[in-house]
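These numbers come from a predicted model, not from an experiment. Counting starts at 1 for both ligands and their atoms, following the listed order.
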Amino acid sequence: MKKAYLSIGSNMGDRLQFLKDAVQMVQFDPEITVKTVSSIFETDPVGYTDQAAFLNIAVELETTLSPHELLAACQRIEQELGRKRIIRWGPRTVDLDILLYNDENIESDDLVIPHPRMAERAFVVIPLASISTDPALHQLAAEFDPEKEGIRLWTAFDGDDAFVHTES
Ligand SMILES: Nc1ncnc2c1ncn2[C@@H]1O[C@H](COP(=O)(O)OP(=O)(O)OP(=O)(O)O)[C@@H](O)[C@H]1O
Ligand SMILES: Nc1nc2c(c(=O)[nH]1)N=C(CO)CN2
């Protein structure tokens with residue numbers, strides 16, 4: 001069983017529903033168990049700025065899928081939820097990126113882990129650090145000023161209490 005973290009974002013249509021649907025579809029995969037979902041953050045668009053604000057979350061999961069199988073699962077969910085690639089970094093119903101996979105470093109043509117742009121993205125690092133115990137991530141998150149970065153805590157993720165993993 002491997003531990004992985006995803007970043008999920010949406011800035012089109014019913015953003016909250018897209019996040020909930022995406023998490024539910026991830027959880028529905030028999031090879032994946034969702035352990036923790038971060039709170040939802042509303043974030044100003046980065047990269048291509050002439051678009052609506054995003055909702056972003058980070059998700060911790062356990063999986064028996066390989067990194068490439070996990071990428072395929074994420075891309076299938078994006079397709080099923082109607083994602084179309086029109087503008088690079090442009091509006092999307094839902095975007096699922098793999099941030100980390102079991103401390104592995106992967107550099108293939110179609111998959112790079114850790115995600116190559118994660119450290120510079122407050123909309124990724126702040127939700128991720130909020131569900132991680134890794135001191136390096138907490139340090140990275142502390143270097144961002146949420147107000148300056150345009151990041152606002154939006155609401156708890158209440159898609160399903162079963163997704164909230166409590167250590168016993
Ligand atoms: N860690 C990763 N997670 C998801 N996709 C990845 C990863 N590493 C490389 N990719 C590749 O990136 C390609 C483009 O992904 P996508 O269209 O979601 O990019 P984007 O979300 O617009 O931009 P960004 O990659 O900067 O977040 C995918 O087809 C995938 O093969
Ligand atoms: N705030 C925000 N900006 C973005 C996002 C995102 O999820 N949130 N995703 C992008 C491409 O991955 C580009 N810009």
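Listed by number with element, the atoms of ligand 1 under 4.0 Å from a non-hydrogen atom of D97 are 3 (N), 4 (C), 18 (O), 27 (O). Close approach to R121 involves these atoms of ligand 2, each under 4.0 Å from a residue heavy atom: 12 (O). Residue H115 approaches ligand 1 through these ligand atoms, each under 4.0 Å from one of its heavy atoms: 1 (N), 2 (C), 3 (N), 25 (O), 27 (O). If you number the atoms of ligand 1 from 1 as listed, the ones under 4.0 Å from a heavy atom of R117 come out as 24 (P), 25 (O), 26 (O). Within ligand 2, counting atoms from 1 as listed, the ones closer than 4.0 Å to a heavy atom of N56 are 1 (N), 2 (C), 6 (C), 7 (O), 8 (N). Listed by number with element, the atoms of ligand 1 under 4.0 angstrom from any heavy atom of Q75 are 28 (C), 29 (O), 30 (C), 31 (O). Taking every heavy atom of D44 and a limit of under 4.0 angstrom, the matching atoms of ligand 2 come to 1 (N), 2 (C). Short contacts between ligand 2 and T43, defined as distances under 4.0 Å to a heavy atom of the residue, involve ligand atoms 1 (N), 2 (C), 8 (N).
When side chains are defined from C-beta on, I98 counts as touching L6, because their heavy atoms get closer than 4.5 Å. I126 places none of its side-chain heavy atoms less than 4.5 Å from the side chain of L128.
Heavy-atom distances between P45 and ligand 2 reach below 4.0 Å in at least one pair. Heavy-atom distances between R117 and ligand 2 stay at or above 4.0 Å for every pair.
Residue contacts with ligand 1 for L99 are absent, since no atom lies close enough (heavy atoms, distance under 4.0 Å). Contacts between R121 and ligand 1, counted as non-hydrogen atom pairs separated by less than 4.0 Å, involve the side chain only. Here N11 has no heavy atoms under 4.0 Å from ligand 2, in either its backbone or its side chain. Of the heavy atoms in D95, only side-chain atoms (C-beta onward) come closer than 4.0 Å to ligand 1.
Ion pairing of D103 with K3 is absent here, as no side-chain N (NZ or NE/NH1/NH2) approaches a carboxylate O to less than 4.0 Å. Under 4.0 Å is where a charged nitrogen must lie from a carboxylate oxygen, and between E60 and K35 no such pair does. Using a 4.0 Å cut-off between charged side-chain N and carboxylate O, E62 and K2 make no salt bridge.
For the atom pair R117 CZ and L99 CG, the distance stands at 11.5 Å (nearest 0.5 Å). With rounding to the nearest 0.5 Å, the separation of CZ in F123 from CZ in F54 is 7.0 Å. In this structure, E120 CD and L140 CG are separated by 10.5 Å, a value rounded to the nearest 0.5 Å.
By the 3.5 Å distance cut-off applied to N or O atoms, L96 is not counted among the residues near ligand 1. Close N/O approach between V46 and ligand 2 is found [any backbone or side-chain N/O within under 3.5 Å]. Checked by distance only, ligand 1 and V112 come closer than 3.5 Å through their nitrogen or oxygen atoms.
Residue D110 holds the heavy atom nearest to atom 9 (C) of ligand 1 of all those in V94, I106, D110.
Of the N and O atoms on the side chains of S7 and D97, not one donor lies less than 3.5 Å from an acceptor on the other residue. In this model, a donor atom of one side chain and an acceptor atom of the other lie less than 3.5 Å apart for Q139 and E143.
Side-chain atoms of D145 come within 3.5 Å of backbone N or O of E147 as a donor-acceptor pair.
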